[in-house]
Amino acid sequence: MMTALDSPPLGLVLDDIVRRHRPRSEAGSLPANIPHLSSLPFDRFGIAVATVSGDVFSAGDADLPFSIQSISKVFTLAMALSAGDPAALWSRVLREPSGTSFNSLVQLEVEHGIPRNPFINSGALVVTDHLMGRYPDAAGEVLRFLTDQVGHQSGRKGPFIDEVAARSELSNSSRNLALAHFLKDFGNLRRPAEAVVANYVRQCSIMMTCVEMAKAGLFLAQGGRGAFGAVVSRSEAKRIGSVMLTCGMYDAAGEFAYRVGLPGKSGVGGGILAIVPGECCICVWSPRLDSKGNSLAGTAALADLSDRTGWSVF
Ligand code: GLN
């Protein structure tokens with residue numbers, strides 16, 4: 001573990017991470033189903049660390065808002081678990097790695113409409129449906145939750161929903177609608193498939209900076225305690241972290257655990273949220289993706305940061 005005596009200050013480490021990992025040439029891909037993200041320059045790279053002692057360190061493009069996409073699934077899960085009846089939710093979605101791509105249809109049919117975990121798209125649709133039972137505007141509620149956790153900063157815009165991006169994704173959502181209709185057919189969706197997918201793409205279209213995201217995820221590093229008290233219990237925080245470790249990077253969860261050794265959650269906007277229990281929450285963002293839909297430069301940067309600091313759950 002990095003100590004004050006034997007390591008450079010974290011701010012300098014992050015500056016160096018940006019120098020090493022900001023892409024210098026174009027590699028990787030962009031999500032085909034979200035036209036709105038296709039104009040992002042390849043060399044965007046930001047990183048932020050929010051610590052349990054209340055400090056925030058950042059470097060690179062850490063103050064540029066990016067599309068959080070599937071990172072939202074961590075927050076909807078936490079909110080759905082605290083919205084009541086977690087046992088009912090866990091009877092509708094499992095906690096096993098899928099080993100398939102995040103938007104795969106095959107497994108859902110073979111396994112009779114019970115998604116493998118809450119972080120693949122089918123599982124997230126079930127979580128959104130559960131959350132809509134309590135909050136019909138679930139995406140709006142997720143935005144409120146994130147804004148609260150980030151804390152009000154006067155003169156700053158804060159998290160917001162990019163409604164244009166949400167509409168553009170919704171008009172390219174055949175696959176998510178197919179998943180939702182499968183779930184409905186198997187009796188695992190209470191609300192209309194279209195309403196759940198519309199809510200889901202709005203939650204995915206929330207825009208946040210790395211600094212804001214690191215602050216918002218901090219409750220998972222401090223036993224469920226967020227900016228204004230408990231968000232989830234200590235055991236729930238542990239369990240959400242466990243599901244992130246085993247399922248947060250889809251069919252690259254094993255590789256990410258091997259390289260980084262931390263619970264993480266990615267999004268096809270290029271962001272990754274990683275948790276160091278008892279220490280800090282990290283957010284890294286760089287838009288180009290590997291073949292599994294995870295940020296290429298972001299994953300490399302987290303592996304490097306974990307090696308340099310000793311931050312790991314192992
Ligand atoms: N909105 C994206 C989708 O449903 C989210 C996927 C992701 O970030 N992995 O395809």
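One-based numbering, in listed order, for ligands and for the atoms of each.
Interface atoms of ligand 1 facing Asn33, defined by a heavy-atom separation under 4.0 Å, are 3 (C), 10 (O). Here is the list of ligand 1 atoms found below 4.0 Å of a heavy atom in Phe102: 6 (C), 9 (N), 10 (O). Atom numbering of ligand 1 starts at 1 in the shown order; those under 4.0 Å from a heavy atom of Asn176 are 3 (C), 4 (O), 10 (O). Residue Gly267 has at least one heavy-atom neighbour below 4.0 Å for each of these atoms of ligand 1: 8 (O). The Asn121 neighbourhood of ligand 1 comprises atoms 3 (C), 4 (O), 10 (O), with distances under 4.0 Å to a heavy atom of that residue. Interface of Cys204 with ligand 1, defined as ligand atoms under 4.0 Å from a residue heavy atom, comprises 1 (N).
Electrostatic pairing of Glu212 and Lys215 does not count as a salt bridge here, judged by no charged N lying under 4.0 Å from a carboxylate O. Between Asp304 and Arg308 there is a salt bridge, since at least one side-chain N of the basic residue sits less than 4.0 Å from a carboxylate O of the acidic one. Under 4.0 Å is where a charged nitrogen must lie from a carboxylate oxygen, and between Arg20 and Asp16 at least one such pair does. Here Asp43 does not pair with Arg22 in a salt bridge; the nearest charged N to carboxylate O distance is not below 4.0 Å.
Side-chain contact of Arg92 with Asn188: a donor-acceptor pair under 3.5 Å is present, judged by distance alone. Side-chain contact annotation: Ser70 with Tyr250, donor-acceptor N/O pair under 3.5 Å present. Side-chain atoms of Glu163 and Ser205 form no donor-acceptor pair, as typed in the model, at a separation below 3.5 Å.
At the top of the distance list for atom 9 (N) of ligand 1, counting protein heavy atoms only, stands Tyr250 OH, 2.7 Å. Remark: minimum distance from atom 8 (O) of ligand 1 to any protein heavy atom is reached at Ser70 OG, 2.6 Å.
The shortest non-hydrogen separation linking Phe186 to Glu109 is CZ-O, 3.8 Å. Counting all heavy atoms, side chain and backbone alike, Ile272 lies closest to Ile71 at N-CD1, 3.8 Å.
Note: an N/O pair closer than 3.5 Å links Gln69 and ligand 1 by distance alone. Residue Lys73 has no nitrogen or oxygen atom sitting less than 3.5 Å from a nitrogen or oxygen atom of ligand 1, judged on distance alone. In terms of N/O distances under 3.5 Å, ligand 1 is not approached by Ile34.
Taking the centre and axis of the six-membered ring of Trp285, the NZ or CZ atom of Arg44 falls outside the cone set by 45° and 6.0 Å.
Ligand 1 has no atom lying under 4.0 Å from any heavy atom of Asn103. Within the 4.0 Å heavy-atom cutoff, Val201 does not count among the residues contacting ligand 1.
Here Arg175 has no heavy atoms under 4.0 Å from ligand 1, in either its backbone or its side chain. At a heavy-atom distance under 4.0 Å, atoms from both the backbone and the side chain of Val268 approach ligand 1.
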